[in-house]
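Letters A, B, ... mirror the listed sequences (proteins, then strands); counts begin at 1. Below, all heavy atoms of this structure are taken into account, side chains as well, without hydrogens, waters or symmetry copies.
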Amino acid sequence: MTTSTDQGGSGSGDTAYRLEPDVSDRGETVCVIGAGASGLTAVKNLREHGFDVDCYERETGIGGAWNWRHDRSPVYASTHLISSKPFTQFPDFPMPDDWPDYPHHSLLLAYFERYTDHFDLRPHIWFGTEVIRVEPAEGDRWDVTTRSTGGYGTERTSRYAAVVVANGHNWSPKMPGYEGLADFRGEVIHASAYKDAKQLRDRKVLVVGAGNTGCDIAVEAAQTAAACWHSTRRGYWYAPKYVLGRPADQVNDAALRMRLPIWLRQWLFHRILRLTVGDLTRYGLPRPDHKVYETHPIANSQLVYYVGHGRITPVPDVARFDRYDVELTDGRRVEPDLVVFATGYLPRFEFLAPGLLGDEGNGRPSLYLNAFPAGRPTLAVTGLVQPDSGIFPISHWQSVLIARVLRLRHTDPRRAEAFAERVRAGVGQRYAGRVKESSRHWFEVGHVDYLRAVQRVLDGLEKAA
Amino acid sequence: MSQGGRLRILRGRDWADPVRPVRREVLTATPEAAGDRPPVLFVPGFGYGAWAFEEHWLEHAAQRGFPAYAVSLRGHGGSGAAPEATLRAYAHDVVQVAASLPRQAVLVGHGAGALVVTRALARYPARAGVLVAPVLGGPAVLAANLRRNPFGALPALFGRRVRWKRRQLFSTGLPAEAAQAYLGRLGGASGRAQWQLLRPGAAEPAVGNPRMLVLGSPDDRVVPASALDRAAQRYGGAPLLFPGMGHAMMLDARWREPIEAILDWLEKLPTRG
């Protein structure tokens with residue numbers, strides 16, 4: 001069973017220099033960290049490729065960020081998908097035909113529950129168990145230390161043949177620092193603490209951030225709050241969710257399918273936007289300083305509509321906070337009693353020693369295909385992508401690739417080594433076409449560019465088989 | 001992956017132009033006691049509906065402990081009309097039903113339904129795939145049928161439905177009036193799908209590496225023995241043969257033998273892991 005060559009097949013404890021008595025050897029089993037969307041598809045695809053899997057999940061249910069019961073879940077009552085069904089579903093488990101184009105987050109959780117039961121994944125998931133340490137052991141193996149969530153109980157350490165990290169990147173809020181913020185007397189929350197439109201009712205709300213969440217909250221504030229200011233650093237393209245009577249991403253991919261060059265797609269998109277939404281500056285919104293497709297797309301049909309009804313007042317970036325009001329960069333002052341920072345999240349891997357993922361103290365892993373660190377052939381990350389489309393198909397293909405690479409280590413070690421070489425050469429590559437280098441989205445990818453890269457690698461491995 | 005073709009993960013067509021849903025007929029037979037047997041989804045060929053499996057196989061599978069389902073492809077049986085349907089739309093119907101089942105399903109396709117199943121296997125990781133008297137398309141099958149049933153098969157050249165002769169589909173063991181009644185219930189696939197059957201193109205490989213079983217009859221007057229052998233070779237093995245049976249194996253007099261063989265094979269499948 002064991003294929004570890006370093007130990008020479010000895011079973012006695014004293015020859016294995018690090019195998020302490022309390023480390024249980026899980027043989028060829030692969031450890032998956034997290035049972036959210038990316039973790040689930042990793043478990044399913046690893047099992048499909050013949051691996052035994054132990055998946056650790058800190059919560060008591062599956063679904064990760066998409067399970068509203070979880071304390072780290074960022075979803076709010078009205079969260080709907082931003083990408084339409086074909087871009088969101090796992091490529092081998094379609095969502096039902098009778099679901100809408102853009103399902104609600106509760107449907108999405110139901111989808112993950114069905115996926116889990118359909119492929120019988122639950123027996124492989126240890127719920128209520130958090131991973132506190134992942135340390136390299138000899139023979140490219142890993143010691144994974146877990147305990148009950150919340151720090152109760154004893155720690156347990158198990159040794160795995162490989163580790164797949166699927167701990168998500170939308171749970172650790174990124175709070176901006178502004179001068180005077182500490183002395184501001186109004187309420188300040190991060191979007192992660194926003195759950196329901198009730199929180200906005202009859203209040204004067206300042207929403208900071210033009211991501212999809214910021215726009216959603218601004219729209220909800222437009223419907224319930226007494227006043228709503230929406231602060232953005234620059235002008236953006238607010239793409240409607242439907243164009244020409246079809247989900248906008250499907251129309252966009254129709255153009256991609258025809259392999260229209262980017263300039264032509266940009267021109268088309270600008271024309272369509274011009275015809276459907278019109279000139280954004282007419283509404284008082286700042287003129288975008290970039291072309292479409294150059295920043296993370298924002299899909300929101302309602303924002304511009306409510307700006308046009310005077311329910312949302314677009315304002316520039318915040319300059320400083322005072323005790324009772326907020327000064328904006330254009331000198332205007334507004335007096336919100338609630339400030340919502342929709343300023344995003346930071347990926348965190350606190351169970352991994354810095355450097356293991358190629359990060360240089362800046363918390364930004366340096367990975368090949370956003371998944372493989374250099375020099376660690378049995379460690380991989382899934383779901384660490386910010387695509388211009390749905391994330392789950394990408395997680396799916398990442399885990400298929402991870403499973404095949406791990407299998408290659410047994411069936412064709414030379415090829416596996418060639419892949420490791422490729423990883424070393426390719427860490428840090430970007431797959432985002434023309435997207436502007438942005439500190440916000442260093443793991444932004446274009447779904448077609450990215451999947452094309454995965455396709456090439458899969459084809460390369462296929463030839464090996 | 002032995003089925004040829006390469007795994008395609010850029011699916012511009014599926015993304016930009018998803019198949020439009022059509023109302024689907026799904027017939028069900030549930031075992032009395034819940035067990036750990038996988039669900040079995042039967043996929044009829046062109047012209048047949050779910051009714052073809054309702055006659056015998058559905059109930060029989062349930063009696064042996066398999067939750068059994070049969071779908072009517074769009075434009076067939078009790079499913080919604082779809083005059084423009086393509087193979088892609090048929091495969092979509094099958095994958096939708098398979099993914100709606102509580103557990104990972106086995107796909108069983110008969111006739112051209114086997115071709116639909118091979119397409120569906122590229123979009124859904126089935127527990128296993130079973131091809132019964134498979135019509136995987138191509139000019140050879142048309143040629144054979146033109147020889148045996150020139151007037152009936154000729155319309156296929158123009159995307160019209162084939163007019164089957166009783167002896168092509170059924171053995172002499174089946175009473176003539178029963179056979180005639182079945183023939184009367186046959187419909188037809190859409191013209192576009194008929195056309196695609198002539199040049200189906202290379203199938204994408206199955207996902208999830210399912211086990212495959214091919215069975216047929218040497219006396220099938222629709223699928224020539226050479227085509228059956230080729231299909232079996234492509235999916236790794238020799239076909240299970242049931243001499244003396246006609247093409248419509250789920251309706252013919254000795255319908256019990258092939259379904260018994262399929263269920264025996266499924267019982268012996270190793271559970272994953």
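Considering only heavy atoms from C-beta on, B:Y124 stays 4.5 Å or farther from A:D92 through its side chain. Residues B:R103 and A:D117 form no side-chain contact, since every pair of their non-hydrogen atoms from C-beta on lies 4.5 Å or further apart. Using a 4.5 Å heavy-atom cutoff, the side chains of A:H447 and B:W15 are in contact. At a threshold of 4.5 Å between non-hydrogen side-chain atoms, the residues A:Q250 and B:P18 count as touching. Residues B:V95 and A:P94 have side chains in contact (heavy-atom distance under 4.5 Å, counting atoms from C-beta outward).
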Derivation and outcome, salt bridge (Lys or Arg N to Asp or Glu O under 4.0 Å), residues A:D459 and B:R6: CA-CA 8 Å; A:D459 289 348; B:R6 81 190 168 112; 2.3 Å; yes
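Considering CG of A:D253 and CZ of B:R11, their distance stands at 14.0 Å, rounded to 0.5 Å. The CZ atom of B:R123 sits 16.0 Å away from atom CZ of A:F93, with the distance rounded to the nearest 0.5 Å. Atom CZ in A:R456 sits 10.5 Å away from atom CD1 in B:I9 (nearest 0.5 Å). Once rounded to the nearest 0.5 Å, the distance linking CG of B:L10 with CG of A:L451 reads 5.5 Å. Here the CZ atom belonging to A:R246 is positioned 6.0 Å from the CG atom belonging to B:D17, to the nearest 0.5 angstrom.
Formation of a donor-acceptor pair under 3.5 Å by the B:Q104 side chain with backbone atoms of A:H118 is not found in this model. With A:R114 contributing its side chain and B:A99 its backbone, the two residues share a donor-acceptor pair below 3.5 Å. Not a single donor-acceptor pair under 3.5 Å links the side chain of A:E48 to the backbone N or O of B:P125. For the pair B:Q96 (side chain) and A:M95 (backbone), a donor-acceptor distance under 3.5 Å is present.
Side-chain atoms of A:D97 and B:H92 form a donor-acceptor pair, as typed in the model, at a separation below 3.5 Å.
A 6.0 Å sphere centred on CH2 of A:W99 holds more than 12 heavy atoms belonging to other residues, nucleotides or ligands. Other residues, nucleotides and ligands contribute at most 12 non-hydrogen atoms within 6.0 Å of the CZ atom of B:R211. By the neighbour-count criterion of 12 heavy atoms within 6.0 Å, atom CZ of B:R8 is sparsely surrounded, having that number or fewer from other residues, nucleotides or ligands.
Using a 4.5 Å cut-off between heavy atoms, A:K85 makes no contact with chain B at all. Heavy atoms closer than 4.5 Å to chain A are found in both the backbone and the side chain of B:R13. Contacts between B:A122 and chain A at a heavy-atom distance below 4.5 Å are absent for every atom of the residue. If you measure heavy-atom distances from A:V53 to chain B, you find no contacts under 4.5 Å at all.
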